Amino acid sequence: MPTVTIEQAQRNFCKAVKSGLLKILSKMGISLLSSYCGAQIFEIYGLGQEIVDLAFCGSVSKIGGLSLDELARESLSFWVKAFSEDTAKRLENFGFIQHRPGGEYHGNNPEMSKLLHKAVRQKNESAYSIYQQHLANRPVNVLRDLLEFRSDRPSIPVGKVESASSIVQRFCTGGMSLGAISRETHEAIAIAMNRLGGKSNSGEGGEDPVRWSPLTDVVDGYSPTLPHLKGLQNGDTATSAIKQVASGRFGVTPTFLVNADQLEIKIAQGAKPGEGGQLPGKKVSAYIARLRNSKPGVPLISPPPHHDIYSIEDLAQLIFDLHQVNPKAKVSVKLVAEAGIGTVASGVAKGNADIIQISGHDGGTGASPVSSIKHAGGPWELGLTETHQTLIENGLRERVILRVDGGFKSGVDVLMAAAMGADEYGFGSVAMIATGCVMARICHTNNCPVGVASQREELRARFPGVPGDLVNYFLYVAEEVRGMLAQLGYEKLDDIIGRTDLFTPRHISLVKTQQLDLSYILSSAGLPKWSSTQIRNQEVHSNGPVLDDILLSDPENAKRRFLKSIKIYNVDRAVCGRIAGVIAKKYGDRGFAGQLNITFTGSAGQSFGCFLTPGMNVRLVGEANDYVGKGMAGGELVVAPVENTGFCPEDATIVGNTCLYGATGGQIFVRGKAGERFAVRNSLAQAVVEGTGDHCCEYMTGGCVVVLGKVGRNVAAGMTGGLSYILDEDDTLIPKVNKEIVRIQRVNAPAGQMQLKSLIEAHVEKTGSIKVCLVVEASNPWISKLNRMYSLNNAIHATCTSSHRIGGPSIT
């Protein structure tokens, strides 16, 4: 019998629909329902032109599909199932999320994982052959399954084909963060890829510095440096060659950046575009929280796009910043396979990126909620084809490496991607399977039975994998690629990149429709002028001469202490970033004991003072554009106007938008106002500013921000930690605060008053500000007008503490 009334069921239905609709609106960046209606923010896969013209006129449907008659037959089959007398009155479980016998086919299924485990753990070639046969006999479930190769030349001996050791250098693993997956899995994957000469990806979440040095203390496969792993060798390194810089900037410090071979900007991810990273609070252990400058147990969300990427120009600036702090690292940009990706990719190439990654829908993150992994993203086959062809048409293909990922499992996938234009190939879920994942599909619950995607110590102790298992898998894939190249008559992978003319449609009967149109994939805009190897081996795209070079080239500046004054113009971008990178590479984030005092005069370009380290004291007399103090890890940054300018500094905007984005330390003092999103994603920095635009302290996780003036709307949205003091000059503050997760209170606690006094005194000393007279009076300077000051902190965290927590360590 039903346990709810019809009325309650209707209310539940309305609530579910509303929640789902709000989630879609949120992830697409749409505020109003009226903006959602008719927006056509979707792409169609599998519906023919007849249906598109009738119901979805104007929407993109590149591959065609079902006709109205076929759709009617399918709908009728559902009706028959529901109302036939022979039908059991019970809903079928089609296994949309987890594999079920007789249900929907899953590419990652128990049989596949068992075959792969047997092959890689026993180094059993015949077992891998059975694994290959299993994949070859699978039902059609991805677009490439509808294609096969037809060569234009005779076969050659395998011995004439390039080596497996050369091919595996094109392999990468997906951006699975330490936190989403366990420390054991993350490190085993990194070690395996370093042995092969391929690349692992850190994902968003930082990396333990202990992983950056080669192991020299291995005995019987174990090392006290990484005691939780087995199967180690002297010379192994657990560092991830690709270090990801994602929306949350979790764990991104100058030292993290300079210890990378490549830096990846994640605009979004194929498995759930529009949502970004999501790490459930259960997975945020003390270790994970330390690496991410966060608080144990607090969920971590990094909604895309980055708050410093609202245009292609913003993206170009971030690429510039990363090239500045680590000039030797190639910068990649991760894009989602969807209609229009070619246009975006062209902008990325022009923005000086070295690598473009196309991410398909087929994959997971090790932490995604179930509601996020269906009906999201598109097939990489279409995204890669569009990107490759658009770049060729615009004369940009030779500028960038094309990398693709999403559901790769075998050498066949690699060769298919190569023929569609890819230079490098990413493996995600299958890399976890090779190291022990059993596809329990409960990653988001923190209960992975084999410790692959859990942070619970008792489950992590069950982790069965060793780096050698993944090495075996990738060597098998490379040998499979070699065998297929030999069969096609080609000696190098380079020779078939972009060769869609080698494809022919498979003659296969589909259950739903025979009307799929693969002409878009089979078409060609031509081939790159350079070989794939030339593209991959070209130098990192340089920023050209920058202001930092002047300071670094002066022999006097090689000293650990100096004092300099220099003129700056708004074409000088990311100033101090390169100096910070040099310091971080040699001394780390906290090891520099010297002192560099640099004064700039003029108008600074974007990202002034980015990635500062302790010991760097930077002063700007003038004004600055957006992103001041982006990613700073220490030091001091002072911005003050030129004297006798004819305007009141406290009434003027002197620094731009998105200052202190992702800062993990240091202090900044601004005599004047800041633009929007001041201190967004601030983790540990302290700041004093004399007014801000909208969204101040958005997504802040720690540190302290003092605002001695008016603020805009939506203060403290998503602020999960740290503390903010705001002067309410005209009793307008409280309606401007996003009260969802913060508590507002007067500054009455002695500890709060002392901290506020200390920061305001420092602000006056550093900037010569007269704004402080609005806060204090000569008669009783630190008490009489503190009743105008409010402090904001995380309400959830505040209820868990016995006293008012102040400043840096009290982050959540």
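Here the structure is a predicted model, which means the values were calculated and not measured. Counting from 1, the numbers follow the sequence of the chain as shown.
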Distance-only donor-acceptor check, side chains S519 and D517, under 3.5 Å: yes

Any non-hydrogen side-chain atom of I358 less than 4.5 Å from a side-chain atom of R403? no

Return the CZ to CG distance between R100 and N93, rounded to the nearest 0.5 Å. 5.0 Å

Does any N or O in the side chain of E338 come within less than 3.5 Å of the main-chain N or O of G378, such that one atom is a donor and the other an acceptor? no

Between K736 (side chain only) and V711 (backbone N and O only), is there a donor and an acceptor less than 3.5 Å apart? yes

Answer yes or no: is there a side-chain heavy-atom contact under 4.5 Å between V298 and V284? no

Return yes if a side-chain donor-acceptor contact under 3.5 Å exists between Q455 and N446, otherwise no. no

Is there a donor in the side chain of N201 and an acceptor in the side chain of T173, or the other way round, less than 3.5 Å apart? no

So how far is it from T445 OG1 to K282 NZ, rounded to the nearest 0.5 Å? 6.5 Å

Taking the side chain from H695 and the backbone from T658, do they hold a donor-acceptor pair closer than 3.5 Å? no

Between P505 and L146, is there a side-chain heavy-atom distance shorter than 4.5 Å? no

Residues passing the ring-ring contact (aromatic ring centres under 6.0 Å, His included) test with Y520, sequence neighbours excluded, are none

Backbone N/O of G451 and side chain of S454: donor-acceptor pair under 3.5 Å: no

Among K334, R292, K266, whose salt bridge (Lys or Arg N to Asp or Glu O under 4.0 Å) with E204 holds? K266

Derivation and outcome, salt bridge (charged side-chain N to carboxylate O under 4.0 Å, His left out), residues E70 and K512: CA-CA 7 Å; E70 289 171 327; K512 282 192 173 184; over 6 Å; no

For the NZ atom of K283 and the NE2 atom of H444, what is their distance to the nearest 0.5 Å? 9.0 Å

With the side chain counted from C-beta on, respond yes when I341 and V336 share a heavy-atom pair under 4.5 Å apart, and no when they do not. no

Strictly by modelled atom types, are S59 and Q40 linked by a side-chain donor-acceptor pair under 3.5 Å? yes

Judged by atom type as modelled, is there a donor-acceptor pair below 3.5 Å linking the side chain of D314 to the main-chain atoms of L318? no

In this structure, CG of L335 is separated from OG of S359 (nearest 0.5 Å) by 9.5 Å

Which residues satisfy the ring-ring contact (aromatic ring centres under 6.0 Å, His included) test with F13, sequence neighbours excluded? none

Any side-chain heavy atom of Y287 within less than 4.5 Å of one from R183? yes

Pairing residues for S35 by the side-chain contact (heavy atoms from CB on, under 4.5 Å) criterion, not counting sequence neighbours: I30, L32

Examine distances only and state if a side-chain atom of H99 and a backbone atom of E104 form a donor-acceptor pair shorter than 3.5 Å. no

Does one side chain, of E264 or Q244, offer a donor that lies under 3.5 Å from an acceptor on the other? yes

Test salt bridge (Lys or Arg N to Asp or Glu O under 4.0 Å) applied to D145 - qualifying residues, sequence neighbours left out: R138

Over all atoms of both residues, closest heavy-atom pair of I521 and L147: CG2-CD1, 4.0 Å

Less than 4.5 Å apart, any side-chain heavy atom of D69 and any of E50? no

Using modelled atom types only, decide if a donor and an acceptor are shared between the side chain of Q515 and the backbone of L66 within a distance under 3.5 Å. no

Should we say atom OH of Y36 is surrounded by more than 12 heavy atoms from elsewhere, each under 6.0 Å from it? no

Does N657 use its side chain to pair, donor to acceptor, with the backbone of E676 at less than 3.5 Å? yes

Please, which pairs that meet salt bridge (charged side-chain N to carboxylate O under 4.0 Å, His left out) have at least one residue in residues 694-703, sequence neighbours excluded? R677-E698, D694-R713

Looking at S113, is its backbone amide N or carbonyl O close enough to the side chain of H117 to form a donor-acceptor pair, meaning the two atoms are under 3.5 Å apart? yes

Per the salt bridge (charged side-chain N to carboxylate O under 4.0 Å, His left out) rule, what does the pair list look like for residues 51-63, sequence neighbours excluded? K62-E386

Could you tell me whether R681 sits above the aromatic face of Y699, with NZ or CZ closer than 6.0 angstrom to the six-membered ring centre and within 45 degrees of the axis? yes

Quick one: does K739's side chain get under 4.5 Å of V715's, heavy atoms only? no

Rounded distance (nearest 0.5 Å) linking atom CG of N793 with atom SG of C697: 11.5 Å

Donor on one side chain, acceptor on other, T701 and S683, under 3.5 Å: yes

Begin from the C-alpha positions of V450 and F463 and carry the test side chain to side chain contact (heavy atoms under 4.5 Å, CB included) through to its verdict. CA-CA 5 Å; V450 289; F463 178 68; over 6 Å; no

Test side chain to side chain contact (heavy atoms under 4.5 Å, CB included) on I726 and V705; report intermediate values, then the result. CA-CA 8 Å; I726 300 177; V705 172; over 6 Å; no

Donor-acceptor under 3.5 Å (N714 side chain, N738 main chain): no

When you look at Q357 and I267, which way does the side chain to side chain contact (heavy atoms under 4.5 Å, CB included) test go after all the steps? CA-CA 10 Å; Q357 172 152 341; I267 291 180; over 6 Å; no

I want to check something: taking the side chain as every heavy atom from C-beta on, are Y661 and N682 in contact at a cut-off of under 4.5 Å? no

Within this structure, what is the CG-CG distance for the pair N108 and D362, rounded to the nearest 0.5 Å? 7.0 Å

